[in-house]
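To start, the structure under review is shown below, and the notes come after it.
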Amino acid sequence: MKRITQSDLIEAAEAVAQITGQSHIFILGMASTAQSVPALDEMLTDDIDLFTPDAENCFLDEVIASVGEGSPFEGSHGFYVERLGTWVLLTQPRGWMERSLILPHPLLTIRVLHPLDLVYNKLETGRKKDLEGATLILRSGAVTPEQIHAFVQGAETPEETKLAIVKNLQRILEKNGMQN
């Protein structure tokens, strides 16, 4: 595992663009913090989760073979590309694409998930590794518990989902001695 850099994000996006012919790449998951939370230097991962919003299913097998887990790309770069789709954001509050941050590139539109959306996603999923990721982002100061709470409360999300997210937020705040 390694600390993914902005250069790694660009390399992954360029490799996928070359294979798929798509110029719009959306990066999500903890690797997106290389752009959205650059001060988060303790985050290690071995993959970059991304999708091509304009054609999510194009060249899936080719992408996996060329830049996926176990590929020569992984061997030479120390990370691989995990091809996902907008399905991972189906329960995300409306406007996630508009809130995304742009990674400058002369030919591609490379977007990364906004830290608020990433923390929301991690808290909603609630797995141990996701809660650890949310904790790291909170500790970095990129978003505050108050911002997350307001974001969750303002979301068009079922009440039970909001309650579960807020409960996960409280759990990690208490576990890590953070104030809410």
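As the structure is a computational prediction, the values presented were derived from the model and not from experiment.
One hydrophobic cluster, built from ILVMFWY side chains closer than 4.5 Å, holds both F51 and W87.
The closest donor-acceptor contact from the side chain of R3 to the backbone of L40 lies under 3.5 Å. Checking side-chain atoms of H105 against main-chain N and O of L107 turns up a donor-acceptor pair under 3.5 Å.
For V166, the side-chain contact (heavy atoms from CB on, under 4.5 Å) partners at least two apart in sequence or on another chain are H149, V152, Q153. The salt bridge (charged side-chain N to carboxylate O under 4.0 Å, His left out) check on D130 picks up K122, R127, with sequence neighbours excluded. For K167, there are no salt bridge (charged side-chain N to carboxylate O under 4.0 Å, His left out) partners two or more places apart in sequence or in a different chain. In this structure, I64 has no side-chain contact (heavy atoms from CB on, under 4.5 Å) partners at least two apart in sequence or on a different chain. Applying the salt bridge (charged side-chain N to carboxylate O under 4.0 Å, His left out) test to E174 and every residue at least two apart in sequence or in another chain returns nothing. Partners of P158 according to the side-chain contact (heavy atoms from CB on, under 4.5 Å) rule, which considers only residues two or more places apart in sequence or in another chain, are E160, T161.
Note on residues 51-65: no pairs pass salt bridge (charged side-chain N to carboxylate O under 4.0 Å, His left out), not counting sequence neighbours. Applying the salt bridge (charged side-chain N to carboxylate O under 4.0 Å, His left out) definition to pairs two or more places apart or across chains, none involves residues 31-40. Residue pairs meeting the ring-ring contact (aromatic ring centres under 6.0 Å, His included) criterion with at least one member in residues 109-148, sequence neighbours excluded, are Y120-F151. Applying the salt bridge (charged side-chain N to carboxylate O under 4.0 Å, His left out) definition to pairs two or more places apart or across chains, those involving residues 4-14 are K2-D8.
Within the 4.5 Å cutoff, side-chain heavy atoms of P115 are placed close to those of S36. Side-chain atoms of L9 and I110, non-hydrogen and from C-beta on, never get closer than 4.5 Å to each other. Using a 4.5 Å cut-off on side-chain heavy atoms (C-beta onward), F79 and D47 make no contact. The shortest side-chain heavy-atom distance between S100 and V112 does not fall under the 4.5 Å cut-off. L136 places none of its side-chain heavy atoms less than 4.5 Å from the side chain of V37. Contact check for D46 versus E69: no side-chain heavy atoms found under the 4.5 Å cut-off.
Here the OG1-CG distance, from T52 to L84, works out to 11.0 Å after rounding to the nearest 0.5 Å.
With L131 as the partner, the side chain to side chain contact (heavy atoms under 4.5 Å, CB included) test is satisfied by one option alone out of L169, T125, N168: N168.
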I'd like a table of donor-acceptor pairs (distance under 3.5 Å, sequence neighbours excluded) in which one partner is a side-chain atom from residues 21-32, with atom names and distances.
{"unit_1": "H24", "atom_1": "NE2", "unit_2": "R111", "atom_2": "NE", "d": "3.0"}
{"unit_1": "S32", "atom_1": "OG", "unit_2": "G29", "atom_2": "O", "d": "2.6"}

Sequence neighbours left out, cut at 3.5 Å: what donor-acceptor pairs do the side chains of residues 88-97 make with other protein atoms?
{"unit_1": "T91", "atom_1": "OG1", "unit_2": "E124", "atom_2": "OE1", "d": "2.7"}
{"unit_1": "T91", "atom_1": "OG1", "unit_2": "E124", "atom_2": "OE2", "d": "3.0"}
{"unit_1": "Q92", "atom_1": "OE1", "unit_2": "N121", "atom_2": "ND2", "d": "3.3"}
{"unit_1": "Q92", "atom_1": "NE2", "unit_2": "D117", "atom_2": "O", "d": "2.8"}
{"unit_1": "Q92", "atom_1": "NE2", "unit_2": "D117", "atom_2": "OD1", "d": "3.2"}
{"unit_1": "R94", "atom_1": "NH2", "unit_2": "E156", "atom_2": "OE1", "d": "2.2"}

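Atom CD of Q6 sits in a crowded spot, with more than 12 heavy atoms from other residues, nucleotides or ligands closer than 6.0 Å.
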